[in-house]
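In this text the structure is predicted, and so the values were computed from the model without any measurement. So that the names make sense, note that chain A is the first sequence line, chain B the second, and so on, each numbered from 1.
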Amino acid sequence: MKNGHITQKIGFSALFGCMLITMFFLGAIIYFTVVRGIGAISWGFLTQVPRSGMTEGGVAPAIVGTLYLTAGSILFALPLGLACAIYLCEYSPRGFFVNIIRMSINNLAGVPSVVFGLFGLAVFVKFMKFGISILSGSLTLGILVLPIIISATQEALMAVPHSLREASLALGASKWETIRKIVLPSALPGILTGVILSIGRVAGETAPILFTAATFYSRRYPDSVFSEVMALPYHIYALMTEGTHPEKQTAIAYGCALILMVLVLGVSAIAVYIRQRQRIQNA
Amino acid sequence: MPDNAKMKAEKVDFFYGPRHALKGIDLDICENRVTAIIGPSGCGKSTFIRLLNRMNELIPNTILKGKISLDGRDIFDPSVDPVEIRRRVGMVFQKPNPFPKSIFENIAYGLKVNGVSSRKIIEERVVKSLQEAALWHEIKDRINDNALKLSGGQQQRLCIARCLAVEPEVILFDEPCASLDPVSTQKIEELILQLKKDYTIAIVTHNMQQAARVSDYTGFFLLGELIEFDRTQRIFTAPSDKRTEDYVTGRFG
């Protein structure tokens with residue numbers, strides 16, 4: 001009896017220790033990014049174009065580029081993913097074929113992101129002749145997050161109680177009316193959460209845009225979807241590996257990292273808030 | 001029987017995959033009468049009632065044999081739209097299932113999907129159905145509140161109001177009081193007795209007293225078979241089958 005008690009205490013302490021280690025790394029990442037990045041942040045840094053071979057000026061084109069790429073990829077992936085999930089969840093007959101499709105989608109989520117980058121280069125940049133552009137980058141990033149959007153939507157759709165579908169059908173609503181007016185509104189918070197997680201993912205990805213959209217140095221803002229753009233994650237990579245003034249560039253890179261982290265964490269915070277609010281509504 | 005059959009089941013067999021859930025059911029649902037369907041769990045009574053508005057075809061791998069007609073027309077005929085059948089044959093489910101919307105929107109929904117677009121008509125019908133479902137005086141000040149805030153009994157009456165709003169001809173109740181307290185149950189039973197003036201009603205129930213109180217006809221199901229179907233009074237006082245007698249006197253089930 002007493003021994004069991006001690007074992008339990010040791011067990012709890014071990015779990016608590018692991019939790020502390022995790023928290024330490026999370027805290028350390030945030031701490032270092034903030035401490036090393038905050039010095040670079042200024043109004044000019046956020047709003048000006050780079051100057052003097054990337055060693056001075058701001059990173060505004062990279063912020064704008066990241067926003068464009070994120071918006072573009074979601075615009076592409078959301079309708080496609082939503083439609084795909086609705087089909088798989090509500091319309092497709094259960095069976096071998098659909099199981100294969102589901103498995104493929106899950107596998108797509110496990111493909112390394114650099115592979116998506118090569119795919120984007122081959123298909124969008126070369127074959128479809130979109131060039132290195134916002135369009136190619138957005139499509140590549142969109143494909144990268146399709147599985148996230150599809151599985152989040154599927155889960156949200158499956159969480160809608162069957163009894164609500166029956167209630168709607170029993171009133172003489174068609175299947176499509178039931179999905180559009182009852183099932184989708186109920187699933188919306190779950191779908192939104194998936195979208196927001198996707199935003200966080202695409203904003204931070206480097207490899208997929210490496211060959212499809214990003215450029216190291218641009219003094220201009222993109223003027224069409226066929227322009228190449230700067231983007232924060234790639235800019236960090238470039239600052240650390242290229243150029244002639246590493247000491248100045250490193251400071252700028254940490255500044256970029258801080259901006260990127262604030263953007264992504266901010267977006268995740270919105271996701272948590274939406275989920276929380278939904279939980280309160282359902283309670 | 002002197003009453004006019006609104007719906008008619010003839011030699012109905014139903015299979016869930018290999019499971020033979022209903023065996024050769026012949027049963028009439030009479031106009032402006034309450035028909036109760038009783039029997040132990042798993043006897044096929046819910047399966048049967050869900051055939052009457054074609055809800056079972058949402059379940060994959062099911063097979064139906066035989067014929068079910070509404071006003072003499074086969075409801076499973078390929079030319080018949082199930083959506084049309086479900087509008088004419090409404091259903092109230094075992095567990096109250098209001099939409100997570102306002103009370104008003106819950107009732108307006110059925111009207112909207114059936115093509116009623118005039119705001120004035122919708123408002124009138126919402127009030128009328130809430131009155132018919134004996135819920136109006138309790139909730140008239142908070143008609144825009146979320147329906148999920150209502151009590152279980154109120155939610156079930158809201159579901160009845162929602163069903164009445166689309167003006168069905170037949171209303172199917174699938175154990176409507178199974179999750180309700182006795183006071184709410186009594187209100188629903190009173191409501192059913194009121195409604196039979198205007199509607200044809202079929203009710204599945206576990207509760208034999210309930211069947212005796214509200215129904216005109218009663219069918220007793222056992223293991224997928226209809227053992228006996230007769231006037232409720234006969235079923236409960238002088239059943240002709242020994243198994244019916246055993247069930248209604250509480251010897252099993």
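Rounding to the nearest 0.5 Å gives a distance of 6.0 Å between NE2 of His162(A) and CG of Leu58(B).
In the displayed structure, Tyr31(A) atom OH is contacted under 6.0 Å by at most 12 heavy atoms of other residues, nucleotides or ligands. In the displayed structure, Tyr273(A) atom OH is contacted under 6.0 Å by at most 12 heavy atoms of other residues, nucleotides or ligands. When the shell of 6.0 Å around CE of Met23(A) is examined, it contains 12 or fewer heavy atoms from other residues, nucleotides or ligands. More than 12 heavy atoms of other residues, nucleotides or ligands shown are found within 6.0 angstrom of CZ on Phe93(B).
Only the side chain of Val166(B) comes within contact range of chain A, with heavy atoms under 4.5 Å apart. Looking at Tyr109(B), the atoms closer than 4.5 Å to chain A (heavy atoms on both sides) all sit in the side chain, from C-beta outward. For Pro168(B), no part sits under 4.5 Å from any heavy atom of chain A, backbone or side chain. For chain A, no part of Lys95(B) is nearby; none of its heavy atoms comes within less than 4.5 Å. Residue contact with chain B, scored on non-hydrogen atoms closer than 4.5 Å, involves the backbone and the side chain of Ser163(A) alike.
Closest heavy-atom contact between Phe99(B) and Leu164(A): CE2-O, 3.6 Å. The shortest non-hydrogen separation linking Lys181(A) to Val113(B) is NZ-CG1, 4.1 Å.
The main-chain N or O of Leu171(A) is found under 3.5 Å from a side-chain atom of Asn114(B) such that the two form a donor-acceptor pair.
Partner Glu166(A) forms a salt bridge (Lys or Arg N to Asp or Glu O under 4.0 Å) with one of Arg50(B), Arg86(B), Arg54(B) and no other, that one being Arg50(B).
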Output, in order, the C-alpha distance, side-chain angles, deciding distance and verdict of side chain to side chain contact (heavy atoms under 4.5 Å, CB included) for Val83(B) and Lys175(A).
CA-CA 9 Å; Val83(B) 170; Lys175(A) 190 162 184 176; over 6 Å; no

